[in-house]
Amino acid sequence: MLRPDFIRDNKETILEGLKKRNINNPEILDLVISLDSKRKELQNESDQAQAFINSASKEIGALFKQGKREEAEGKRAAVGEKKTRIAELKTEAEEVRQKLEEALLNIPNVPHPSVPAGNTDEDNEVYQDWGKDFPKLHDGAQPHWELAKKYDIIDLELGVKLTGAGFPVYKGKGARLQRALISYFLDKANDAGYTEYIPPHMVNEASARGTGQLPDKEGQMYYVTEDDLYLIPTAEVPVTNIYRDVILDEKDFPVKMTGYTPCFRREAGSYGAHVRGLNRVHQFDKVEIVRIEHPEKSYAALDDMLAHVGGLLDELGLPYRILRLCGGDLGFTSALTFDFEVFSTAQERWLEVSSVSNFETFQSNRLKLRYRDANNKKHLAHTLNGSALALPRIVASIMENFQTPEGIVVPEALRPYCGFDIID
RNA sequence: GGUGAGGUGGGUGAGUGGCUGAAACCACCGGUUUGCUAAAUCGGCGUACUCUGAAAGGGGUACCGCGGGUUCGAAUCCCGCCCUCACCGCCA
């Protein structure tokens with residue numbers, strides 16, 4: 001969420017930025033500015049009326065003690081009038097506040113200058129290409145959902161029996177590979193200086209609002225009505241909210257956190273060939289990295305995160321490319337996002353395995369996550385996060401790219417974690 | 001699930017209608033003093049919104065779990081909700 005003051009001071013820049021997202025309704029910015037002015041006006045009048053009541057009340061107390069009843073009664077009447085007026089102002093202010101909130105919720109983050117204009121994923125910029133040959137597969141190579149059956153390591157039908165579509169069951173070496181990847185990713189994050197957390201897998205409404213899942217995206221999350229809790233769609237939600245309502249010192253930067261959690265997504269309305277097998281599921285495992293940074297350092301941090309994620313894929317030996325998302329494809333809350341896609345040779349398509357973003361102050365404004373500078377002034381911090389990495393598509397591409405007639409060869413880096421080097 | 005106790009500033013904890021944005025202590029920051037450290041001593045030390053000012057700063061309002069009510073006036077009285085802790089029951 002952008003701040004009204006920021007909108008007031010940077011209207012033209014914001015409009016330019018929003019054009020890249022194909023949003024061209026300048027009137028919403030003016031609406032915010034005028035509602036915010038109205039809000040201030042109402043608050044001023046209300047505060048002044050309250051100030052009158054406060055001082056009058058003290059006088060009334062004194063007058064009663066002195067036995068000046070009549071004078072006191074007169075003041076009491078005056079206080080009564082002000083109270084009526086305050087009630088009116090409060091009602092009006094609440095209406096204005098709601099309208100303002102609604103308008104602000106409809107304004108996405110301002111894209112970073114480097115974000116290319118564009119409408120769809122077709123317009124994303126290839127930031128770093130694979131540039132080498134893709135693996136050559138043997139005759140009879142299969143997509144991962146076939147391999148899953150062949151080697152009996154992932155059972156999608158069993159998931160349907162237990163829960164429903166999109167809840168895979170990992171079995172035997174499939175389960176062990178899953179566990180190995182989680183440990184491997186966490187170890188790498190720890191080595192890179194990220195503090196590991198195991199957060200709750202459900203969050204309350206305040207947390208869901210803090211990172212921007214609510215309002216608006218409630219359809220994406222599983223909701224436990226009985227207890228008013230949401231199953232997390234990503235570790236980003238609980239981990240970032242650790243710093244909700246926190247004021248940091250400059251010396252606390254950088255804050256680097258990592259966490260593994262299962263992620264739950266309803267993915268309502270997405271079915272079809274592209275979501276086969278592990279390509280899109282309702283529950284999956286992911287290791288997330290989250291950073292809280294000084295505004296001047298956040299883009300260097302983003303680069304560092306790209307290098308970290310790229311390093312994981314290099315070590316696994318998976319062919320990948322990095323995309324800089326265009327304005328139309330950029331998430332609502334993000335200023336700049338890079339997607340990592342791994343090439344799945346048997347499917348002959350790129351699969352998104354990581355999304356690394358700088359939210360600048362868009363989340364921290366919601367979270368009330370600030371820091372104090374050397375002059376003791378408070379400013380919003382920058383938040384960033386990235387998948388490092390999301391498992392299912394990594395598993396799919398390992399299966400597909402490293403299949404041989406003898407079995408699926410486990411990448412070198414994972415072998416110490418798996419305890420086996422081939423799935424056959 | 002049952003019963004009981006309680007939610008006050010970074011922490012402990014006073015405070016039962018006006019003099020309390022809130023004592024005291026601890027922690028923290030700054031000064032003084034002291035071979036160093038420690039101690040002592042003095043001062044400072046919340047957040048949000050807002051007005052004013054070039055700035056430093058100054059003014060107003062709100063906030064003692066959350067929401068509502070009573071009252072000229074509420075941390076203090078009333079109602080609802082949430083949460084925490086303890087014990088019992090159940091249980092990984």
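Letters A, B, ... are given to chains in the order of the sequence lines, protein chains preceding strands, and every chain is numbered from 1.
A side-chain donor-acceptor contact under 3.5 Å links A:Ser364 to the backbone of A:Ala381. No donor-acceptor pair under 3.5 Å is formed between the side chain of A:Asp304 and the backbone N or O of A:Ala300.
As the counterpart of B:G57, B:U52 is assigned, both hydrogen-bonding distances of the Watson-Crick or G-U wobble pattern falling under 3.5 Å. Base pairing annotation: B:C83 forms a Watson-Crick or G-U wobble pair with B:G6, both donor-acceptor distances under 3.5 Å. If you check B:U32 for Watson-Crick or wobble pairing at under 3.5 angstrom, you find it paired to B:A40. For B:G1, the paired nucleotide is B:C88, the pair qualifying as Watson-Crick or G-U wobble because both relevant distances are below 3.5 Å. In this structure, B:A62 forms a base pair with B:U47, meeting either the Watson-Crick or the G-U wobble geometry with both donor-acceptor distances under 3.5 Å. Nucleotide B:U12 forms a pair with B:A24, judged by Watson-Crick or G-U wobble geometry with both contacts under 3.5 Å. Pair check for B:U71 finds none; no Watson-Crick or G-U wobble contact set falls under 3.5 Å.
Look at NZ on A:Lys40: it is 5 Å from P on B:C51, rounded to the nearest Å. The distance from atom CG of A:Asn204 to atom P of B:C83 is 10 Å, rounded to the nearest whole Å. Atom CD1 in A:Ile247 sits roughly 11 Å away from atom P in B:G46 (whole-Å rounding). At whole-Å resolution of the value, CD1 in A:Ile53 and C1' in B:G73 are 10 Å apart. Distance, A:Asp5 CG to B:C51 P: 9 Å, rounded to whole Å. For the pair A:Asn376 CG and B:C29 P, the interatomic distance rounds to 13 Å; values are reported in whole Å. Between the CZ atom of A:Arg370 and the P atom of B:G46 there is a distance of 14 Å, given to the nearest Å. In this structure, A:Asn54 places its CG atom 10 Å from P of B:G21, rounding to the nearest Å.
Using atom C1' as the reference point in both B:G67 and B:A5, the two lie 23 Å apart (nearest Å). On the P atoms, B:A22 is 27 Å away from B:G6, given to the nearest whole Å. Here, B:C81 and B:C25 have their C1' atoms 34 Å apart, quoted to the whole Å. Between B:C19 and B:A56, the two P atoms lie 32 Å apart (nearest whole Å). Between B:U34 and B:G21, the two C1' atoms lie 37 Å apart (nearest whole Å). Separating the C1' atom of B:A62 from that of B:C66 is a span of 15 Å, rounded to the nearest Å. A distance of about 33 Å separates the C1' atoms of B:A27 and B:G18, rounded to the whole Å. Nucleotides B:G68 and B:G11 have their P atoms positioned 25 Å apart, rounded to a whole Å.
In the set B:C72, B:U50, B:U61, B:U61 carries the atom at the smallest distance from any side-chain atom of A:Ala51. Taking every side-chain heavy atom of A:Gln50 into account, B:A62 is the closest of B:A62, B:U47, B:C72. The side chain of A:Val79 approaches B:C72 more closely than any other nucleotide in the set B:C49, B:C72, B:A48. In this structure, the nucleotide among B:U47, B:U61, B:U50 sitting nearest to the side chain of A:Asn44 is B:U50.
Within the 4.0 angstrom heavy-atom criterion, no nucleotide atom of any strand lies near A:Lys75. Nucleic acid contact class of A:Arg3 (heavy atoms, under 4.0 Å, all strands): none.
Of the two residues near RNA chain B, A:Asp47 and A:Gly61, the one whose nearest nucleotide lies more 5' is A:Gly61. Each of A:Lys378 and A:Gln48 was matched to the nucleotide of RNA chain B holding its nearest heavy atom; the match closer to the 5' end belongs to A:Lys378.
OP1 or OP2 of B:U71 has not a single side-chain nitrogen or oxygen of A:Lys83 nearer than 4.0 Å. Side-chain N/O atoms of A:Lys377 include one lying less than 4.0 angstrom from OP1 or OP2 on B:A56. Contact annotation: A:Lys368 does not reach the phosphate of B:A48 (side-chain N/O to OP1 or OP2, under 4.0 Å). In terms of phosphate contacts, A:Arg372 brings no side-chain nitrogen or oxygen within less than 4.0 Å of OP1 or OP2 of B:C28. Under 4.0 angstrom from either OP1 or OP2 of B:U50 there lies at least one side-chain N or O belonging to A:Arg39.
If you run side chain to side chain contact (heavy atoms under 4.5 Å, CB included) between A:Tyr230 and each of A:Leu214, A:Val224, A:Val237, only A:Leu214 comes through.
Cation-pi contact between A:Lys173 and A:Phe420: present, with separation from the ring centre below 6.0 Å and deviation from the ring axis of at most 45°.
Aromatic ring centroids of A:Phe253 and A:Tyr371 lie under 6.0 Å apart. Side-chain rings of A:His308 and A:Tyr194 approach one another, their centers coming within less than 6.0 Å. Residues A:Tyr127 and A:Phe338 place their aromatic rings such that the two centres sit under 6.0 Å apart.
Using cut-offs of 30° and 60° on the angle between ring planes, the pair A:His282 and A:Phe167 is tilted.
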